[in-house]
Number of protein chains: 2
Amino acid sequence: MTTAQETERAADSALSNPSAVGLVAVIVAATDGEPRALTVQVGGQARGRSDGLPAGPLVPEHPTLERGLRAWVERQTHQRLGYVEQLYTFGDRDRQGDDGGGLHSLSVAYLALVRELRPAGLAEAAWRNWYHYLPWEDWRAGRPNSLGEIEAKLLAWAECAGDPKQRRRREDRLGLTFGLCGGAWNEERVLERYELLFEAGLIPEAQGQSGEAHDADLTVTGQPMALDHRRVLATAIGRLRGKIKYRPVVFELMPPTFTLFQLQRTVEALSGTNLHKQNFRRLVAQQGLVEETDGVTSGATGRPARLVRFRREVLLERPAPGFRLRPARRPA
Amino acid sequence: MTTAQETERAADSALSNPSAVGLVAVIVAATDGEPRALTVQVGGQARGRSDGLPAGPLVPEHPTLERGLRAWVERQTHQRLGYVEQLYTFGDRDRQGDDGGGLHSLSVAYLALVRELRPAGLAEAAWRNWYHYLPWEDWRAGRPNSLGEIEAKLLAWAECAGDPKQRRRREDRLGLTFGLCGGAWNEERVLERYELLFEAGLIPEAQGQSGEAHDADLTVTGQPMALDHRRVLATAIGRLRGKIKYRPVVFELMPPTFTLFQLQRTVEALSGTNLHKQNFRRLVAQQGLVEETDGVTSGATGRPARLVRFRREVLLERPAPGFRLRPARRPA
DNA sequence: GGCACAATGCTCAGTTTGAGCATAAGTGAG
DNA sequence: CTCACTTATGCTCAAACTGAGCATTGTGCC
């Protein structure tokens, strides 16, 4: 058979092997210096409800994936989406658990940034701090305490590997993702960390039922989510943390005017690290990302801060504006 | 209706609204300092054959998307895949042309890097220089001549916009993507450039039939491809150009040992720009990306070069190794 | 007025970059 | 064998960028 014929047959085959395709959204806002994701309650039945991300099917009415997503999210959460970007397509055959049959089940995940945090339209929809689900990712108050326990369990997991080579590989991965064994913490490797924890059996979702976490887990390995939604969230956070370094997407999360410190707090919330204040403002100034307004803050303690606004023009000027995050070295 | 109920219904709905899902691969190799993609001939019938990317359906036998891709590509092109990464999921409803019905047609696109350029197993599979399809992306010999003609047509397109505001927006986009009107060329914006050309009507694929390009187009707007495969290719190139800056993926394209200049040629081939030789080697040395071997090149003219090999260890040491590309300023 | 507090201004040494000059080590021609 | 040519490799230098911290400026509060 020729390649051309194979390709033809492939196309036919695709039509006769349809798959169920869903859309998932990680909708992010940042208010009061906290990063939040919009969550819904899923699984009303016996299995117990759990947090999940807004998700829905791809229906034929939608001309494009992205528009399908917007329509769906707006109906389900009453939240209008601004910036939207495709994240990843998750598609393991047994993704949704008991799939048995021949139907693949894909989820096309999207990341959306919204400017204001409305009281989350419906009762079932709620804004949750995303570190609630991935506590080890928040280093703003220094190395999270929970990492101690996680570290111990991960090292034990590496220890009990089959052969020395596998063990060595596991240790390498620990160093690379969690900064153990002499490695450094890289705030972008959110997904790799989650998947490592998953493999190590520290993530309740791995065992099927997701609602049965001990209280301890909530502060150490975080609140579970339905299906693979925590993985999707981890993907989103990692992507966003990378993106703010070379594109001014943070502004999608800011109100029309804000102070430089509010901006810094938002960047810190997303990246999970602290930044050096003076250098941060120098960076923003150099890049020409913002322009001053007449306004200043008032009421709070301390010297009032100038209000600034995002300069849309930078999108045309600078080839790749963004924040290269330089963490403020904190006194260990 | 509650959100939970909606979500439930959504899941049911997904099952009753299946979609056809396909896989597409951009398989990249770099030999002799040229960036190449593996192409196949598609559309054997009346419409005339045209170049396309290896593609196939997602069949239920495949446990994961990526494994499905590997299996499919290896059968279709006899090319074993090494590094594979998901690119994007393309899913406009009318993507495949006359879709009319309610069935969505998605394509999950992957980028694969292969080390050696084998003679392309089958007759219908061929390695093609990717600038054959996107000639304006190759700036290694200076600004491509074809950009002159493209620029003229794009400016005319901006000119004939409906209202002044739209015209202004179009000009901004030209500056941002093609560096016209005072903007700078950013080699990563491959997809944006392609889509702009598409919108401006300079891409034959936009008109449906894809085989009927004039000879002129081949050197100016490039060789067309089947379906939206050129868009997929553009996505891949843009992604790869971005990625080599912070991850040492180039090495996936290199033979076991190579010279620093070969490495530079490969990076240049991918990025489409020229680099400053001395600074490039300083960068590679600083990053500790390679280690020397005993070998040296021989036969060629000029002083023999030391052969080096990739240091796998850097993956564990450096948080984000890669090449920040610093173009060699060429005498206009 | 004096204090606490946050915003903003400014300095300074250590690196990193961009560019280019200089030297080394092969090949082929005469 | 020597010269011309070519590519590899070493090294310099000024400019720009970074990381860290000190100093000063406005405000609300007692």
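What you see is a predicted model, and the numbers here were worked out from it, not measured in a lab.
Computed from coordinates, the Q286(A) CD to dG9(C) P distance equals 14 Å when rounded to whole Å. When rounded to the nearest whole Å, the span between CG of L283(B) and C1' of dG18(C) equals 12 Å. The CZ-C1' distance, from F280(B) to dT17(C), rounds to 15 Å in whole Å. Between the P atom of dA8(D) and the CG atom of N279(B) lies a distance of 16 Å, rounded to the nearest Å. Separating the CZ atom of F261(B) from the P atom of dG26(C) is a distance of 19 Å, rounded to the nearest angstrom. In this structure, CD of Q287(B) is placed 11 Å from C1' of dT16(C), rounded to the nearest angstrom. Atom-to-atom, CZ of R281(A) to P of dC17(D) comes out at 19 Å; the value is rounded to the nearest Å. Put simply, CD on Q264(B) is 12 Å from C1' on dT7(D), counting in whole angstrom units.
Nearest-nucleotide mapping onto DNA chain D: of Q278(A) and G302(A), the residue sitting toward the 5' end is Q278(A). Sequence order on DNA chain C of the closest nucleotides to A300(B) and L307(A) puts L307(A) first from the 5' end.
A salt bridge is absent between E85(A) and R247(A): the closest approach of a Lys/Arg side-chain nitrogen to an acidic carboxylate oxygen does not fall below 4.0 angstrom. Between R173(A) and E195(A) no salt bridge is recorded (no basic side-chain N to carboxylate O distance below 4.0 Å).
Nearest to the side chain of R303(B), among dA24(C), dG19(D), dA6(C), sits dA24(C). Of the candidate nucleotides dA25(C), dG26(D), dG21(D), dA25(C) has the atom nearest to the side chain of P304(B). For H276(B), the listed nucleotide lying nearest its side chain is dG20(C); candidates were dA20(D), dG20(C), dA8(D).
Taking the side chain as every heavy atom from C-beta outward, R115(B) and E252(B) approach each other to under 4.5 Å.
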Please report, to 0.1 Å, the donor-acceptor pairs under 3.5 Å made by any side chain of residues 258-265 of chain B, with sequence neighbours excluded.
| unit_1 | atom_1 | unit_2 | atom_2 | d |
| --- | --- | --- | --- | --- |
| T259(B) | OG1 | F261(B) | N | 3.4 |
| T259(B) | OG1 | Q262(B) | N | 3.0 |
| Q262(B) | OE1 | T259(B) | N | 3.0 |
| Q264(B) | NE2 | E268(B) | OE2 | 3.0 |
| Q264(B) | NE2 | L275(B) | O | 3.1 |
| R265(B) | NH1 | E268(B) | OE1 | 2.7 |

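An OP1 or OP2 oxygen of dA8(D) is reached within less than 4.0 angstrom by a side-chain nitrogen or oxygen of K277(B).
At a threshold of 4.0 angstrom between heavy atoms, the contacts of R282(A) include nucleobase atoms, whether or not backbone atoms are also involved.
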Start with the C-alpha gap between E137(A) and R193(A), add the side-chain angles, then the distance that decides, and say whether salt bridge (Lys or Arg N to Asp or Glu O under 4.0 Å) holds. CA-CA 9 Å; E137(A) 293 294 341; R193(A) 280 188 284 270; 2.7 Å; yes
